[in-house]
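Keep in mind it's a predicted model, so treat the numbers as computed, not measured.
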Amino acid sequence: HELNDVVTLSCCRIWVSQFLYQGRPKLQKDPNLRGRKKREYKNCGEKMGKIAVAVIVSSWVVAVSILVNRIVTEPYMDEIFHIPQAQQYCKGNFRSWDPMITTPPGLYIVSLAYVASLFPGIFSMKADVSFSDACSSSILRSSNGVLAIFCSMMVYNILTHLRPSLTDRKVTLRTVVLALYPLHWFFTFLYYTDVASLTAVLASYLMSLKKKYFFSSLVGALAVLIRQTNIVWILFIACTGVLDYILGQPKDSADLTDSSQSQGKDAFPVSSQGVGTYSNLRKRRIHNQAATFSSPIHQKIASSVPSSDFSHEVREIISRLWQFKWEIIASFWPYLVIMAAFITFVFWNGSIVLGAKEAHTVSPHFAQLMYFSLISVLFVTPVHFTIGQAAALARSFWKKNKLVSFFQLCTALAVGFLSVHFFSIAHPYLVADNRHYTFYLWRKVIKFHWSMKYLLVPLYVYSWISIFNILAKSQRKTWVLVYFLATAATLIPAPLIEFRYYTIPFFFLILHSHVDDDRSWLLMGILYVAINIFTIYMFLFRPFSWVHETGVQRFIW
């Protein structure tokens, strides 16, 4: 803590001296001194940005958590399973298991470590409180609040790696807005697996961006222990890591030699995800470097792929996969171990879920992809539902071969109609539980009229086309395909419509969508704040009761 205070004070001193008294620092004649000053400035800017994010997120986490714990004193909804199970672990009863819990015990293990860190003397004989007494509902809920702060740090770091040209102010704005994302924000104050799941997946992704694949796989294993469907996103992280690894390498030593001779002293290796060396990555405001580091690896290696044709891209990837097969195995083998362990678990367990297997059977729920696309673009309305975006999509449609574009559009519409007609599932939990907002959306919108689900198909198709259009501006086609397959593999098998299942694919979508308009981010932030105020108000101050069951019921996502 003393070291952090010293660094923070040093940062403040540099900021004050440069901006309040001296203005922008004049460039020194000594290039080494000038470079050192710039690195100090940028490192301090990044540190201050992280501190600002942590303070802002902590402010609402603490305030709303106190309010929730004062009003909702007893475990609610899924908490009636998670909190007692965590308390059993706190008592040392690791063999005890509630058969209604569907997820592995990763959240409870994290909670044990969290409680132990809060009460370091709890294991001593003179402790005033026992470990089991410390695992109260409020303490267990607070673990998600702490994880939400860590999650915002993960988002900040990922943004600086993916978008090194962004200023610290822009990164801070984006991070705070994403921390307000309603489906993530709401469950920060309850003891659910969602916040821990997202944090672990993003931490694994960040380690992969830094080329620390072994540590990425370790954190990925924890993510799977928290929620088993995260295996899909760990494989997604591995696949994107492999793509960036092979596409960031020269084809052979001869190519490297020719490239080095042609570039001379200015040549440097391109590394995964546009990370490069850290010092180069953080030179974000120098104009002669901004052109080089303004986008991820997917754009940088475009010169190595002479054609943007998808088939050529696939052939290039297959060729390089074979060329670097041993290097790939040496770097990414831990992910294969996780996958093998997961397959073994599924065969041993007989299902992906642990408990309540009858209510969570794998089903071909293709309509989930339709719902996800619409919900995701609605949460990014200032980007997707604008005249400019609609005009851009129209221009893209007419720019291509009109016959091919028309065929693709008809195919997308046909797939959408078939999905909602044959593969739309009304889960018993969905149609019977009026505590969820999805209950009302299902009854009042989708089931308003028999034709309503078909009338929404063009909107679903527009949403996916808009998503692909935004991603294609900054990502390779293979990356977009891998993302779509990962999203499909996560959502299609799930028979229950739960918007919180959309959180992880949404975060990967928005982190890789290069939305540079600050106005759009501000409007998104205002939208998220309005939704959060409404949902937390309905949850805390508009309770209701059931005739057939005692107790207070509350509205929840």
Only distances under 3.5 Å count here; give the side-chain donor-acceptor pairs of residues 62-69 to other protein atoms, sequence neighbours excluded, each with its distance to 0.1 Å.
from  : atom 1 : to     : atom 2 : distance (Å)
Ser65 : OG     : Val61  : O      : 2.5
Asn69 : OD1    : Arg141 : NH1    : 3.0
Asn69 : ND2    : Ser65  : O      : 3.0

- Task: May I ask you to say whether Arg174 pairs ionically with Asp518, meaning some side-chain N is under 4.0 Å from a carboxylate O?
- Result: yes

- Message: Please list all pairs meeting side chain to side chain donor-acceptor pair (under 3.5 Å) that have one or both residues in residues 374-387, counting only residues at least two apart or in different chains.
- Response: His384-Ser466

Let me have the donor-acceptor pairs involving side chains of residues 225-236, under 3.5 Å, with sequence neighbours excluded, atom names and distances please.
from   : atom 1 : to     : atom 2 : distance (Å)
Arg227 : NH2    : Thr193 : OG1    : 2.8
Arg227 : NH2    : Asp194 : OD2    : 3.0
Gln228 : NE2    : Thr102 : O      : 2.8
Gln228 : NE2    : Ile352 : O      : 2.9
Asn230 : OD1    : Ser197 : OG     : 3.3
Asn230 : ND2    : Ser197 : OG     : 2.7
Asn230 : ND2    : Ala223 : O      : 2.9
Asn230 : ND2    : Arg227 : O      : 3.4
Trp233 : NE1    : Thr490 : OG1    : 3.3

- Query: Do the side-chain N and O atoms of Tyr114 and Ser142 include a donor-acceptor pair separated by under 3.5 angstrom?
  - Reply: yes

- Ignoring hydrogens and geometry, is there a side-chain-to-backbone donor-acceptor pair from Tyr191 to His82 under 3.5 Å? no

- Got a donor-acceptor contact below 3.5 angstrom from the Thr535 side chain to the Asn532 backbone? yes

- Give a yes or no on whether the backbone of Tyr76 and the side-chain of Glu79 come within a donor-acceptor separation of less than 3.5 Å. yes

- Does Val515 offer a backbone N or O that forms a donor-acceptor pair with the side chain of Trp521 under 3.5 Å? yes

- Ion pair present between Arg500 and Asp78, side-chain N to carboxylate O less than 4.0 angstrom? yes

- Mark yes or no for whether Ser208, through its side chain, and Ser204, through its backbone, hold a donor-acceptor pair below 3.5 Å. no

- Item | Ser216 side-chain N/O to Lys212 backbone N/O, donor-acceptor pair under 3.5 Å | no

- Tyr89 side-chain N/O to Leu112 backbone N/O, donor-acceptor pair under 3.5 Å: no

- Task: Count the heavy atoms belonging to other residues, nucleotides or ligands that lie under 6.0 Å from CZ of Phe150, then report whether that count exceeds 12.
- Result: no

